[in-house]
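One structure is given below, encoded as structure tokens.
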4 protein chains.
Amino acid sequence: MCRTTPSAGRKGRPRSAEADAAILSATRQALVDLGWSKLTMGDVAARAGVAKTTLYRRWAGKSELVVDAVAVLFDELELPPDRGSLAADAEYVVLQFAALLERPEARTALMAVVAESTRDEALRTRIRHAIVDRQKRLVLEGRRRAQERGELPYESDESAAARTADLIFDVVAGAVVHRSLVSAEPVDTQWARAFTVLLLGGLAAATGFAPSPR
Amino acid sequence: MCRTTPSAGRKGRPRSAEADAAILSATRQALVDLGWSKLTMGDVAARAGVAKTTLYRRWAGKSELVVDAVAVLFDELELPPDRGSLAADAEYVVLQFAALLERPEARTALMAVVAESTRDEALRTRIRHAIVDRQKRLVLEGRRRAQERGELPYESDESAAARTADLIFDVVAGAVVHRSLVSAEPVDTQWARAFTVLLLGGLAAATGFAPSPR
Amino acid sequence: MCRTTPSAGRKGRPRSAEADAAILSATRQALVDLGWSKLTMGDVAARAGVAKTTLYRRWAGKSELVVDAVAVLFDELELPPDRGSLAADAEYVVLQFAALLERPEARTALMAVVAESTRDEALRTRIRHAIVDRQKRLVLEGRRRAQERGELPYESDESAAARTADLIFDVVAGAVVHRSLVSAEPVDTQWARAFTVLLLGGLAAATGFAPSPR
Amino acid sequence: MCRTTPSAGRKGRPRSAEADAAILSATRQALVDLGWSKLTMGDVAARAGVAKTTLYRRWAGKSELVVDAVAVLFDELELPPDRGSLAADAEYVVLQFAALLERPEARTALMAVVAESTRDEALRTRIRHAIVDRQKRLVLEGRRRAQERGELPYESDESAAARTADLIFDVVAGAVVHRSLVSAEPVDTQWARAFTVLLLGGLAAATGFAPSPR
DNA sequence: GTTTAATCGAGACGGTACGTCCCGTCTTTGC
DNA sequence: GCAAAGACGGGACGTACCGTCTCGATTAAAC
């Protein structure tokens with residue numbers, strides 16, 4: 001999480017663990033109060049009751065700090081014990097993800113760090129490890145359940161299966177993010193249901209027609 | 001486009017149309033060279049050979065300026081004369097949109113202004129009018145063609161049809177943006193084809209299985 | 001008064017004489033309201049109901065404009081019909097001059113244009129002609145009256161007489177200005193009387209002692 | 001000298017004393033090169049090799065900075081060991097003061113800050129403490145010497161003596177400043193002698209006549 | 001129980017960009 | 001051809017943060 005591992009050097013005063021927690025918490029609160037672009041390192045330090053140097057000793061800059069601060073929010077996403085069908089699981093995940101994107105700290109931070117990462121390879125990697133990759137478990141777990149239920153086949157080609165999982169992930173996450181942040185329309189139950197129908201059944205199902213797919 | 005309409009009052013020296021064009025062009029070039037976060041109003045003014053006050057007379061800030069500067073890029077997206085099938089049209093649009101997102105000025109600007117807009121209602125409206133809404137024509141035109149070909153039904157419920165179009169738009173745009181910018185993976189022909197199959201046929205088609213949708 | 005003589009060119013619309021008066025009046029009011037350093041050309045133009053170009057067509061800049069605007073104030077200084085003695089005349093002039101320096105427009109403008117003139121030969125000349133030289137008449141007239149009364153001798157050496165008049169002028173004006181603006185102490189009747197005693201009788205009179213001047 | 005006393009709180013990095021000296025020196029040089037009205041805070045900072053914020057941390061603005069920068073020049077004024085008579089002492093001080101006013105940094109700064117102070121009580125106080133009051137010692141010391149020599153009486157009324165000293169100060173300083181800056185004529189030995197004669201002996205001595213002061 | 005060294009807070013430092021104000025000029029339309 | 005209006009290129013303003021650098025004062029492991 002931190003810039004340099006404090007356990008590397010063994011002598012001297014160890015870094016305060018409380019400070020870390022206070023900083024990340026202060027960062028989230030500052031995101032709520034100010035939004036990404038008005039958030040400043042100095043303000044976070046003041047909120048956390050910490051000197052600016054203490055921040056910079058742990059994080060290289062605002063982007064890295066914010067990625068770590070919001071990453072834990074995404075870890076709260078979970079599949080519920082059992083919803084009975086792939087459609088129900090998908091709908092549940094969509095609504096849960098949408099609820100997360102309603103939180104102002106996630107809302108303002110997510111797009112901002114992604115934008116920042118378009119010109120910063122290290123940041124891109126950090127986002128991927130801290131946020132993106134960890135949510136793919138939802139797709140994998142959903143597929144596993146659907147396969148157990150017999151809703152989806154067990155695929156023999158593992159790399160093809162991985163590609164499909166990535167595709168599903170981009171479609172689901174992308175659609176929800178786009179609806180919520182770009183189109184700025186609510187992701188409510190009605191939309192989630194329509195999206196799930198489209199996802200599972202394609203345009204055929206979404207329009208009540210039987211096209212002849214290629 | 002501008003902060004205040006100069007045509008409102010007809011007295012005094014009129015605003016320079018050349019300056020407008022120079023500023024927008026300079027903004028795009030600065031986005032390529034510096035990226036969103038390093039782009040400054042002063043730098044854009046200098047590149048455009050224009051005083052900072054001339055910028056601020058027209059745009060309230062960096063976000064508004066950048067939205068207008070990149071909006072024209074999105075207007076270049078077009079459906080080709082004829083591709084024969086809905087699948088082919090969709091694939092074409094996906095690849096064309098992906099190509100746009102490969103352009104550094106669009107790549108760095110799009111997410112940044114969306115992030116900014118999460119706390120700025122006026123900016124949200126501006127983005128919607130200048131960028132988002134204008135691309136929905138691709139979905140509508142694609143549907144019209146598919147309907148003419150008999151691939152999609154003519155829907156009687158207009159509001160339902162509009163909702164479906166919005167859904168398709170969010171899914172397509174969201175998936176491509178997420179793949180390209182968040183997952184940071186290439187949107188190549190292979191991916192575009194897989195996505196199109198999923199979009200038209202649903203998970204059933206994507207996994208080669210026949211699920212029983214709800 | 002003006003930058004270029006408007007009578008030089010005979011064709012086209014003649015310059016408005018009302019504008020001149022309005023501008024000078026607006027300048028004085030702006031000096032009262034804002035002081036020298038906050039006074040701007042644009043503000044004066046707006047107060048006068050005149051375009052900025054109209055100002056610049058007549059005056060080269062703020063300094064020149066202000067010199068002309070305050071010059072008329074100094075022309076109001078006059079010796080009264082008769083006060084009976086040189087001492088009384090001197091005291092009267094001192095108090096009258098002090099009253100002028102109490103007016104905020106004169107107070108803030110006088111030192112400012114003098115300061116500006118230290119690096120501007122043309123402005124120095126303008127100040128001398130418009131303000132300084134014209135007040136020397138008070139010294140000359142005072143001397144003439146004193147000579148008629150027999151209080152002062154008729155000097156035969158005219159250049160020496162002129163030098164003495166200049167000296168008196170610098171001493172009187174300088175003392176009052178310094179007391180009022182630099183020391184920032186009031187020039188009241190008591191001070192004016194003490195100053196007059198010193199001026200006429202020297203330190204001997206001022207301290208009630210008989211020194212032995214060189 | 002500074003805006004806030006850094007010695008108040010003893011925590012944090014102390015202010016650089018070198019920066020203070022560099023800034024004041026740079027200010028004097030900028031006054032010589034540019035004059036008061038063209039001197040800018042940014043230019044002074046650049047000359048001093050210092051950030052603009054470092055200036056503003058110490059001085060509220062240009063006026064305060066310049067007062068401190070030129071104050072030291074006035075401290076160089078001194079009475080010489082012994083000149084034998086009050087007249088000689090006075091003449092010496094007049095010439096020394098005139099020499100100071102020949103220095104372009106003093107010339108351009110003095111009137112400017114006085115002009116500024118007409119609408120700024122705090123600045124007026126600052127000028128009085130940093131410049132004006134400290135030069136009154138010359139008058140007091142000159143009187144003390146003259147009293148020792150028997151040229152002037154020891155006055156019993158202390159407040160009257162103080163008033164007289166203030167009067168002398170305003171007359172001497174005012175006359176020299178007015179001659180040098182307003183009349184823009186040289187303060188040479190001849191003028192200094194004529195002024196001293198007037199000061200010590202009054203108009204009687206200056207015109208070679210015996211008036212009958214009131 | 002000292003050393004010893006990395007930590008902590010505070011805040012000054014050299015910088016960069018901000019968005020505003022004013023400068024003095026130029027380019028319109030209208031009298 | 002002058003006037004009002006207002007846009008123009010330009011420069012300085014004073015502020016806000018940046019990320020770094022001293023400071024003196026802890027603080028805990030190593031000796």
Side-chain angles (χ1 to χ4, degrees), chain A residues 4 6 8-16 18-19 38-46 48-62, chain B residues 4 6 9-16 18-19 38-46 48-62, chain C residues 6 9-16 19 38-43 45-46 48-57 59-62, chain D residues 4 6 9-16 18-19 38-43 45-46 48-62:
Chain A
T4 55
R10 292 166 307 283
K11 286 173 69 171
R13 179 173 173 177
R15 287 189 186 160
S16 161
E18 293 174 18
K38 298 249 188 297
L39 177 147
T40 70
M41 296 295 270
D43 182 80
V44 169
V50 140
K52 267 199 301 175
T53 41
T54 301
L55 259 78
Y56 282 109
R57 211 172 280 123
R58 290 163 161 81
W59 289 277
K62 179 164 143 172
Chain B
T4 55
R10 66 226 163 280
K11 289 170 71 169
R13 178 174 173 176
R15 289 194 183 156
S16 161
E18 293 175 17
K38 298 248 189 298
L39 177 148
T40 69
M41 296 296 270
D43 183 79
V44 169
V50 141
K52 252 196 311 174
T53 43
T54 300
L55 259 80
Y56 283 109
R57 210 172 280 124
R58 290 164 162 77
W59 291 278
K62 180 165 142 171
Chain C
R10 293 167 305 281
K11 286 174 65 174
R13 178 171 171 178
R15 285 188 186 164
S16 160
K38 299 249 190 295
L39 177 149
T40 68
M41 295 295 269
D43 183 79
V50 141
K52 267 198 299 174
T53 40
T54 301
L55 258 79
Y56 283 109
R57 211 172 281 124
W59 290 276
K62 176 165 144 174
Chain D
T4 55
R10 66 223 163 280
K11 289 169 74 167
R13 179 174 173 176
R15 288 193 184 158
S16 161
E18 293 175 18
K38 299 247 189 298
L39 176 147
T40 69
M41 296 294 270
D43 183 79
V50 140
K52 251 196 311 175
T53 45
T54 300
L55 259 79
Y56 283 108
R57 210 173 279 124
R58 289 164 163 77
W59 289 278
K62 181 164 142 172

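In what follows, chains carry the letters A, B, and so on, assigned in the order in which the sequence lines appear, proteins first and then strands, with residues in each chain numbered from 1. Only this structure's heavy atoms are used, side chains among them; waters, hydrogens and symmetry mates stay out.
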Report, one pair per line, the protein and nucleotides 10-13 of chain F atoms (nitrogen or oxygen only) whose separation is under 3.5 Å.
| residue | atom | partner | partner atom | Å |
| --- | --- | --- | --- | --- |
| F:dC13 | OP1 | D:Met41 | N | 2.9 |
| F:dC13 | OP2 | D:Met41 | N | 3.3 |
| F:dC13 | OP2 | D:Gly42 | N | 3.2 |

Going by the rule side-chain contact (heavy atoms from CB on, under 4.5 Å), which residues pair with [X] if we only count those two or more places apart in sequence or in a different chain?
{"X": "A:Ser16", "result": "A:Glu18, A:Ala19, A:Arg58"}
{"X": "D:Ala51", "result": "D:Thr53, D:Thr54"}
{"X": "A:Ala45", "result": "A:Lys52, A:Leu55"}

Does a distance-only test, which skips hydrogens and angles, find a donor-acceptor pair under 3.5 Å between the side chain of B:Arg13 and the base of F:dC8? no
Gap between atoms [atom1] and [atom2], on [X] and [N] respectively (whole Å):
{"X": "B:Lys11", "N": "E:dC26", "atom1": "NZ", "atom2": "P", "value": "22 Å"}
{"X": "A:Leu55", "N": "F:dG19", "atom1": "CG", "atom2": "P", "value": "11 Å"}
{"X": "D:Glu18", "N": "F:dC21", "atom1": "CD", "atom2": "C1'", "value": "14 Å"}

Return no unless some side-chain N or O of D:Arg15 is found under 4.0 Å from OP1 or OP2 of F:dC21. no
Relative to the 5' end of DNA chain F, which residue comes earlier, D:Pro14 or B:Thr54, by the nucleotide with the nearest heavy atom? B:Thr54
Say you draw a straight line from OH of C:Tyr56 to CE of C:Met41; how long is it, rounded to the nearest 0.5 Å? 4.5 Å
